[in-house]
Asker: 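Dropping a structure here in structure tokens format, bear with me for questions.
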2 protein chains.
Amino acid sequence: MRDAEATKASILDAAEEEFGRFGLQGARTESIAAQTGVTKAMIHYYYDSKERLYCEVLRRLVERRTRRMDGLNLHSFEPMDALKLFFSDLLGELHNRPTTPSILLFEALQNRGRFYREISAASLYGPLIETLERGVACGQFRVDLEPRHTAINLMGMVVFYICTRDNLSSLWSMDADLMDSEHYRAHVDECVTMACNSVRRL
Amino acid sequence: MRDAEATKASILDAAEEEFGRFGLQGARTESIAAQTGVTKAMIHYYYDSKERLYCEVLRRLVERRTRRMDGLNLHSFEPMDALKLFFSDLLGELHNRPTTPSILLFEALQNRGRFYREISAASLYGPLIETLERGVACGQFRVDLEPRHTAINLMGMVVFYICTRDNLSSLWSMDADLMDSEHYRAHVDECVTMACNSVRRL
DNA sequence: GTCTATAACCTGATAGAC
DNA sequence: GTCTATCAGGTTATAGAC
């Protein structure tokens, strides 16, 4: 390839895929290299160690998501509309990058959130929590709603389907693909409906 | 120890803990043995291979959960009451065994649900799906509710908090324990409220 | 039934040629 | 900037003594 930036980026992309399948522990530098078309040695040349490469993947992923949320301008919408927008956008992005939540789940399970906390990734919940607080304050959402718990549970509702799809496909048919348009659209619809109903003031 | 059954059971318990932390790939037979007080050789003597031990853990876990759900007699309650009962019970059990959902998540991510499907573990969703169908049929739940999607999303709502707690503890304080009584009770309350509201007919 | 010792293999990382 | 070769450490699994 002989192009430093291209090689570096290529490794980072392959690494994201690999970490999404197996987590930091299970990922194999050999596999990452193979998928990139270069050798293991290049990973250490550009990223020093598997752990540093992992942190870089994590950092990029959080920054990408943060930037995207900022672009939504949630605060310029009514809380309920902001909520719908937030989840429509999130679900769209996750359809293109279903490994993102897997990486963060692996991080929690395998590393007990050590690197997650290092890069202050909890900021991923900021915009959603603020929207929920706003909805409670203006009387659109339930008053007994605890914003942090609700935000986490809503996120769980969205990403659990994606992360466990290979377990649950047999609920439809033995070789169903839960990420294809038909199934995924049903998931999106169900998520948005459930999200709105679960926070709405009755 | 010199007690075959005791040793066998002890290995299975330690294995469940280890697989819950690291999944099939990441688990170390050495660690399992160490926690049991016997040597690695015993694992192969009783369970042949790490993979077979893993299947045994999975099988026991599914059977335990199935038996417990059967004991609830959900069909003898009104759908909404059955739903509350189901989640109260599930959340109580998960507080004692928080590794259960972790094992199943690892299974989906690392093994693409290969062993999950082998033991037909999707039956774990049967009682919940039936309850939802019953609620729709009798008009207590939303008519546009898709039982399988809703069941999955509700499960996700419950277990995501548990599985990502080590990522998210900093939303409260740097060293908060999200499984302690105070935080967990808030999670249970929020889950039950959200579950009911998200399925109720408006 | 349980242990020790070891075989056979795999993985992350480094050294050095090109 | 990229590759080949190799080291050092760690892992599953087995053989054989007690």
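Every chain is numbered from 1, with letters handed out A, B, ... down the list of sequences.
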Asker: Roughly how many Å is it from OH in B/Tyr45 to P in D/dA17, rounded to a whole number?
Answerer: 17 Å
Asker: Please check if atom CZ in A/Arg68 has more than 12 non-hydrogen atoms from other residues, nucleotides or ligands closer than 6.0 Å.
Answerer: yes
Asker: Only one of A/Arg112, A/Arg117, A/Arg114 passes salt bridge (Lys or Arg N to Asp or Glu O under 4.0 Å) with B/Asp166; say which it is.
Answerer: A/Arg112
Asker: For A/Ala27, which contact category applies under a 4.0 Å heavy-atom criterion: base, sugar-phosphate, or nothing?
Answerer: sugar-phosphate
Asker: Can you tell if the side chain of B/Leu178 reaches within under 4.5 Å of the side chain of B/Leu171, non-hydrogen atoms only?
Answerer: no
Asker: Specify the separation, in whole Å, of atom CZ of A/Arg28 and atom C1' of C/dC10.
Answerer: 8 Å
Asker: Return the value, rounded to whole Å, for the distance between atom CZ of B/Phe22 and atom P of D/dG10.
Answerer: 15 Å
Asker: Measure centre to centre between the rings of A/Tyr54 and A/Phe19, then say whether the value is under 6.0 Å.
Answerer: yes
Asker: Ignoring the backbone of B/Lys50, work out which of C/dT2, D/dT12, D/dC3 is nearest its side chain.
Answerer: D/dT12
Asker: Examine C/dG1: is either OP1 or OP2 under 4.0 Å from a nitrogen or oxygen in the side chain of B/Thr7? Give yes or no.
Answerer: no
Asker: Once you round it to whole Å, what is the distance between C1' of C/dC10 and CD of B/Gln25?
Answerer: 13 Å
Asker: Check the distance between C/dT14's P and A/Asp48's CG and give it to me in whole angstrom.
Answerer: 7 Å
Asker: Just how far, in rounded Å, is P of C/dG12 from CD of A/Glu51?
Answerer: 13 Å
Asker: Round to the nearest Å and state the distance from B/Ile43 atom CD1 to C/dC3 atom P.
Answerer: 11 Å
Asker: Mind checking B/Ala4 for me? I need base, sugar-phosphate or nothing, with any heavy atom below 4.0 Å counting as a touch.
Answerer: sugar-phosphate
Asker: Looking for any heavy atom pair under 4.0 Å, which part of the strands does B/Tyr47 touch: base, sugar-phosphate only, or nothing?
Answerer: nothing
Asker: Looking only at heavy atoms, which two atoms of A/Cys163 and A/Leu105 are closest? And how far apart?
Answerer: SG-CD1, 3.6 Å
Asker: Check this one for me: any side-chain N or O of B/His44 less than 4.0 Å away from OP1 or OP2 of D/dA13?
Answerer: yes
Asker: Considering just the side-chain nitrogens and oxygens of B/Thr39, establish if one lies under 4.0 Å of OP1 or OP2 belonging to C/dC3.
Answerer: yes
Asker: Name the residue closer to the 5' end of DNA chain D, choosing between A/Lys40 and A/Tyr46 according to the nucleotide with the nearest heavy atom.
Answerer: A/Tyr46
Asker: Rounded off to whole Å, could you give me the NZ-to-C1' distance for the A/Lys8 and D/dG1 pair?
Answerer: 13 Å
